[in-house]
Amino acid sequence: MEDRNKLIQRRIEKLKEFKSKGIEPYNNAFLPDSLAEDLHKGYDETDSEELINKDICVAVAGRVMAYRSFGKAGFMKLKDFSGQIQVYAEKNSLSEEDFKLYKKIDIGDIIGVEGCLFKTKTKELTIKAKKIVLLTKSIRPLPEKWHGLQDKELRYRQRYVDLIVNNEVKETMIKRAQIINAIRDFMVQNRFIEVETPMMHKLVGGATAKPFITHHNALDIDLYLRIAPELYLKRLVVGGMERVFEINRNFRNEGMDLKHNPEFTMMEFYIAYRRYTFLLDFTEELFEYIFKRLGIDEKKVEFNNQTIDFSRPWKRLDFFDGLKSVGGLDEETIKNKEKAYNLAVELGKSVKKDMSLEKILAELFDALVEPKLINPTFVVGYPVAISPLARRSSENPDITERFELFVSGMEMANGFSELNDPFDQKERFLKQLEERKKGDDEASMYDADYIRALEYGLPPTAGEGIGIDRLVMLMTNHDSIRDVILFPLMKDKENEEI
RNA sequence: GGGUCGUUAGCUCAGUCGGUAGAGCAGUAGCCUUUUAAGCUAUUGGCCGCAGGUUCGAUUCCUGCACGACCCA
């Protein structure tokens, strides 16, 4: 707190002055009885005379967002979590001490006000203050009233300031909460049980990603922050919890960009005695439910300068057909590894010679097909080689009963009929182990306990993961994941003051 | 990891073809009892991101670094 600028020093001086006069600058004894929003709802329509006659007196508390003073009177805008309400302070209606206090209030201070409602010349509902109490002295100046805080770096690093001055942030986060509530309600209505499985895993599995590593001192073992809850949720289905879901964080030790944050929120769910085809309809229904709850017109969802139509049914696109019809690949490239590899290199993809044809095709799909999938599209028919936990199709053993959902080129969901054959699963684990030995640190580890669980018997099951952050991006029209996460990960700056 | 752009007052931004920097808001002093980005008058405030180089002289040109935004991988 040493090398402060003058604005802060000036406010600290005020704070000291308050203390010396017996005014507590961090006072918690004031109890508001009304919220700004409720007052507007209750009395915005009441006309001036009637309002005066009713003599409605209230106590409100909040942060001073605007301060307009002229000599012996003035106005303040007080902001609480529900909204803003105007306060009128005039010399004749206040005690001498309170008026002096009012004159010394800074924008950003948190105060309590007691007074009665009236309407100004311009018909704005206002509280005429009888009593003003300083609740918290703010010693840092707020950003400019008109432009607010624009600097994205500061907005993410100091989200508390962002929230104070940019209302849009709170609105987005409220929508985020509403979306998650809607999902939860929908799942519960469908008789799913919400569970919490470990965030710290002894083995890496359930997805293809690099994990974060941490250490447990007492046991002296390394643990991994989970990259997916999948294997634990399926253990629960083995145990008879035939419909389970979890909404929680996953952690992937990867780069950050518009669509990736190292920790992100997923809803993963499993339902026994259903196939992946059930999931397609269920996902459509879930989205429909969320849109309805949020009051969004599902036919016209504005996102990233596009208008997306979520009318059901959504498009189904076969992986290989998509490579041809959307990606423009010919039959030969799809079957010839050499050709596919060369094309991938040409497109600047980081492919390796020893990659499987399927993995290279997945890269091509990523580059050529995904960006073109704007309206919601279920891609189906993924090859086995890139789907280590999905059940093989009974018609074609090289492909799986799996789908991914794309919207505006973004992967939104991934689901499949679960592989419940312990022998097949064991083989695929062994294959992953080989990949790992070859240096692929995204391959999963051999989970012997999971195999044992499958040996007890996992009923036929369908499971899916939905990226919540991306869903919120879509429904609040933000093209950056950082705008839907309250505290996105940021690099430390040098010389942070202590 | 690579490329482009950015970093100037508390905030939002100008600007300097290389000669010690401006505005608006905020702040301070004064006037003002119904304002709405209140108004009027006056005024304080800057290691021009950090380090190095070129130069008589660098906030400006060059290099490196840090952080960020965007694009690509």
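The chains referred to below are lettered A, B, ... by the order of the sequence lines, with proteins before strands, and numbering in each begins at 1.
Nucleic acid contact class of A:Ser350 (heavy atoms, under 4.0 Å, all strands): sugar-phosphate only. Counting any heavy atom pair closer than 4.0 Å across all strands shown, A:Gln150 reaches sugar-phosphate atoms only and no base atom. A:Leu94 comes within 4.0 angstrom of nothing in the nucleic acid, heavy atoms only. At a threshold of 4.0 angstrom between heavy atoms, the contacts of A:Phe118 include nucleobase atoms, whether or not backbone atoms are also involved. Backbone-only engagement by A:Lys349 is indicated by non-hydrogen atom pairs under 4.0 Å involving sugar-phosphate atoms exclusively. At the heavy-atom level, A:Leu149 lies under 4.0 Å from the strands shown only through sugar-phosphate atoms. Across all strands shown, A:Asp151 has heavy atoms under 4.0 Å from sugar-phosphate atoms exclusively, and none from any base. As judged by a 4.0 angstrom heavy-atom cut-off over every strand, A:Lys491 is placed among residues touching the sugar-phosphate backbone only.
Here the side chain of A:Lys128 is nearest to one of B:A73, B:U34, B:U36, namely B:U34. In this structure, the nucleotide among B:U34, B:G10, B:U35 sitting nearest to the side chain of A:Thr122 is B:U35. Of the candidates B:U12, B:C71, B:A73, B:C71 carries the atom nearest the A:Leu258 side chain, counting heavy atoms from C-beta on. Here the side chain of A:Arg157 is nearest to one of B:U33, B:G68, B:U28, namely B:G68. Side chain of A:Leu154, nearest nucleotide from B:U34, B:G46, B:C11: B:C11. Listed candidates were B:C70, B:U33, B:U35. Nearest to the side chain of A:Lys152 is B:C70.
Distance, A:Arg140 CZ to B:C11 C1': 13 Å, rounded to whole Å. The interatomic distance linking A:Glu13 (CD) with B:U44 (C1') rounds to 13 Å, in whole Å. The separation between A:Arg10 atom CZ and B:G27 atom P is 11 Å, rounded to whole Å. Note: CG (A:Leu347) to C1' (B:C71) measures 16 Å, nearest angstrom. One atom, CZ of A:Arg155, and another, P of B:G6, lie 22 Å apart when rounded to the nearest Å. Atom CH2 of A:Trp146 and atom P of B:C25 are 13 Å apart (whole Å). Nucleotide B:A14 holds its P atom 14 Å from the CD atom of A:Glu144, rounded to whole Å. If you take CD of A:Glu153 and C1' of B:G10, they are 16 Å apart, rounded to a whole angstrom.
To the nearest 0.5 angstrom, A:Met475 atom CE is 5.5 Å from A:Ile179 atom CD1. Summarising the geometry, atom CD belonging to A:Glu404 is positioned 10.5 Å from atom CG belonging to A:Leu373; distances are rounded to the nearest 0.5 Å.
For the side-chain contact (heavy atoms from CB on, under 4.5 Å) with A:Val113, the lone residue among A:Val133, A:Val60, A:Val64 that qualifies is A:Val60.
A salt bridge is defined here as a Lys NZ or Arg NE, NH1 or NH2 lying under 4.0 Å from an Asp or Glu carboxylate O, and A:Glu90 with A:Lys72 fails to meet this definition. For the pair A:Asp309 and A:Lys299, the salt-bridge criterion is not met [side-chain N within less than 4.0 Å of a carboxylate O]. With salt bridges taken as basic N to acidic carboxylate O contacts below 4.0 Å, none links A:Glu358 and A:Lys337. Using a cutoff of 4.0 Å between basic side-chain nitrogens and carboxylate oxygens, A:Asp469 and A:Arg176 are scored as salt-bridged.
Rounded to the nearest Å, the gap between the P atom of B:U54 and that of B:C17 is 23 Å. For the C1' atoms, the distance linking B:C48 with B:G15 amounts to 10 Å, nearest Å. Nucleotides B:U59 and B:U20 place their P atoms 11 Å apart, quoted to the nearest Å. Taking atom C1' in both B:G1 and B:A58, the straight-line distance is 33 Å, to the nearest Å. B:A14 and B:G49 are spaced 14 Å apart, taking the P atom of each and rounding to whole Å. Taking atom P in both B:G27 and B:C62, the straight-line distance is 40 Å, to the nearest Å. For the C1' atoms, the distance from B:G39 to B:C25 is 15 Å, rounded to whole Å. Nucleotides B:A73 and B:C47 place their C1' atoms 38 Å apart, quoted to the nearest Å.
Within the 4.0 Å cut-off from OP1 or OP2 of B:C25, not a single side-chain nitrogen or oxygen of A:Lys145 is found. Between A:Arg482 and B:A69 there is a side-chain N or O to OP1 or OP2 distance below 4.0 Å. Taking 4.0 angstrom as the limit, A:Lys14 places a side-chain polar atom (N or O) nearer than this to OP1 or OP2 of B:U28. In terms of phosphate contacts, A:Arg68 brings a side-chain nitrogen or oxygen within less than 4.0 Å of OP1 or OP2 of B:A38.
The six-membered or imidazole ring of A:Tyr224 lies away from that of A:Phe212, with a centre-to-centre distance of 6.0 Å or more. In this structure, A:Phe365 has its ring center closer than 6.0 angstrom to the ring center of A:Phe319.
Below the 3.5 angstrom threshold, one finds no donor paired with an acceptor across the side chain of A:Glu90 and the base of B:U34. One donor-acceptor pair, N or O on each side, does fall under 3.5 Å between the base of B:U36 and the side chain of A:Lys77. The base of B:U35 has none of its N or O atoms less than 3.5 Å from a complementary donor or acceptor on the side chain of A:Tyr88.
Using Watson-Crick or G-U wobble geometry with both donor-acceptor distances under 3.5 Å, B:C56 finds its partner in B:G19. With a cut-off of 3.5 Å on both Watson-Crick or G-U wobble distances, the partner of B:A66 is given as B:U7.
Both A:Tyr67 and A:Gly74 lie near RNA chain B, and the one whose nearest nucleotide falls closer to the 5' end is A:Gly74. When the nearest nucleotides of RNA chain B are assigned to A:Pro143 and A:Gly348 by heavy-atom distance, the more 5′-ward of the two goes with A:Pro143.
Stacking here means ring centres nearer than 5.5 Å and ring planes tilted less than 30 degrees, and by that measure A:Phe75 stacks onto B:U35.
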